[in-house]
There are 2 protein chains.
Amino acid sequence: MKFSKIKQHIYSKIASGEWPENHPVSSENALAIQFKVSRMTARRALQELADEGLVIRSKGSGTYVAPLKSQTSFMAIRNIADEIRARQHDYEAHVHVLRQVPASLQVAEQLQVEPETPVFYSVITHLENGLPVQVEERYVNPAVATDYLKQDFRQITPHEYLSAVAPLTEASHQIEAVTPSTHVCEWLELAKPEPCLRIVRRTWSDAGVVTYAVLTHPGSRFVLGGHLTFKA
Amino acid sequence: MKFSKIKQHIYSKIASGEWPENHPVSSENALAIQFKVSRMTARRALQELADEGLVIRSKGSGTYVAPLKSQTSFMAIRNIADEIRARQHDYEAHVHVLRQVPASLQVAEQLQVEPETPVFYSVITHLENGLPVQVEERYVNPAVATDYLKQDFRQITPHEYLSAVAPLTEASHQIEAVTPSTHVCEWLELAKPEPCLRIVRRTWSDAGVVTYAVLTHPGSRFVLGGHLTFKA
DNA sequence: TAGTGGTCTAGACCACTTT
DNA sequence: AAGTGGTCTAGACCACTAT
């Protein structure tokens, strides 16, 4: 597709840092000439980048690389280890489970594999200054991440490893408030059950479903935040 | 705009229930003739509806009303009344409180006004098929929305009214899991406290902070969802 | 085979911003 | 006045789906 070649070109300029925040992006007409396409095709590339929050367009003025904050922290696939370290707190991971299990009906459906297919399963708690702030129960499609069980998840998070072996193309999230199971209470070192924030996430790469994860945060120790700006 | 008239037309068909889930939507060519526009313009209307998740398009087959998941997108600032109606469920609002109150220290800080300044305060529950799914406690900067107390919030949501009088330029969110207060339990008609999803939202317009809202959802009746794609 | 959505073209006019 | 993005047109070819 012609428009996606143009998007790719602009995306690489931004990703490489060659075009920093607020740097002007080539105009529709300039791109049309440069890529030998009609203006409508160049326009589509810029429009989709704007919809994705990568650039800001202003009538009469031009198109500019978006400030990072408007790339939305909500949408970002966050890495909890990086976030904790960014707060200059100690990060630590405890690996409770790391093995192959047969897929239950529910897991099979989520991962789009046949029931009873062996899949990888891990349970890891993430600690901030020694206090568990998230338990991560994760099922992984073994066809996509064959070496999953060999990783040392005290050193690298599953998210980091999976991003490396199977670049994300798609993700879905569900956020809800729940009462934690007794298992989760133990992993989170909760003496009594308390309301927990549960994030259920499924991610895809080109090869299909990569992973199905249930992330549970104690309500007393975790807030999910975001900031959005709407600039014309 | 011509394309938005077409969107409006299709939206009303879906919202009214005239076109239920999976009902075929008029084709690009049909809409182009009906609305006396070019196919590209009709196409844009359908494309934007697809981007918003209201319709599904299949090459060679056609465009269909999307299955309505009981999920709320957390990407966009949405209107709960529209979402409930989009699911073809009954929407109803109960106004529990609507008056002026002096700003407490916390509220004054959030709204960036002096403590004890009179501010507007409302408590409204939103019901889906008669069941409360959200209680909305809201403080409003009276300088920005002078007629707030005169509105009938059974007919228009505070979000709709505020969007009209003070277009959003910025918003921040916090999402957490909490045990509801006894007040909130009453508003939500919860016999026993259960984990609730609490969304705290502050919004700005050009004139400054518009509103500070605490939205509480019963965990058993609400899931916040989102879907992202990363296309080249 | 007829209809559909997906992509693309080469123009056009407008409102807006910048110089 | 020149350039930019926003909207729109009237065609075109393609791949896909349904019949």
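Within every chain, numbering begins at 1; the chains are lettered A, B, ... in the order of the sequence lines, protein sequences first and strands thereafter.
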Main chain of B/V133, side chain of B/H217: is a donor-acceptor contact present, judged purely on distance under 3.5 Å?
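Side chain of B/H217 to backbone of B/V133, a donor-acceptor pair under 3.5 Å: yes, one is there.
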Backbone of A/T211 reached by a side-chain donor or acceptor of A/N141 within 3.5 Å
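Absent.
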If we ignore angles and hydrogens, is there a donor and acceptor under 3.5 Å between the side chains of [X] and [Y]?
X	Y	answer
A/Q47	A/R57	yes
A/Q106	A/Y212	yes
B/H126	B/E128	no

Below 4.0 angstrom from OP1 or OP2 of [N], is there any side-chain N or O of [X]?
X	N	value
A/Q47	D/dG6	yes
B/S27	C/dT4	yes
A/T63	D/dT4	no

Could you state the [atom1]-[atom2] distance from [X] to [N], rounded to the nearest angstrom?
X	N	atom1	atom2	result
A/E28	C/dT9	CD	P	14 Å
A/I6	C/dT7	CD1	P	13 Å
A/N29	D/dG3	CG	P	10 Å
B/R57	C/dT7	CZ	C1'	12 Å
B/I56	D/dT17	CD1	C1'	17 Å
A/K2	C/dG6	NZ	P	19 Å
B/M1	D/dC8	CE	C1'	10 Å
A/I33	D/dT4	CD1	C1'	13 Å

Partners passing ring-ring contact (aromatic ring centres under 6.0 Å, His included) against A/F153 (at least two apart in sequence or in another chain)
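A/F153 satisfies ring-ring contact (aromatic ring centres under 6.0 Å, His included) with A/Y148 only.
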What salt bridge (Lys or Arg N to Asp or Glu O under 4.0 Å) pairs are there with at least one residue in residues 33-44 of chain B, not counting sequence neighbours?
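For residues 33-44 of chain B, and leaving out neighbouring residues, the salt bridge (Lys or Arg N to Asp or Glu O under 4.0 Å) pairs sorted by first residue read B/E28-B/R39, B/E28-B/R43, B/R44-B/E48.
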Upstream residue (5' side of DNA chain D) when A/G62 and A/R43 are each assigned their closest nucleotide
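In this pair, the answer is A/G62.
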Between the protein and nucleotides 11-19 of chain C, list the N/O to N/O atom pairs that are separated by less than 3.5 angstrom.
| from | atom 1 | to | atom 2 | distance (Å) |
| --- | --- | --- | --- | --- |
| C/dA12 | N6 | A/R39 | NH1 | 3.1 |

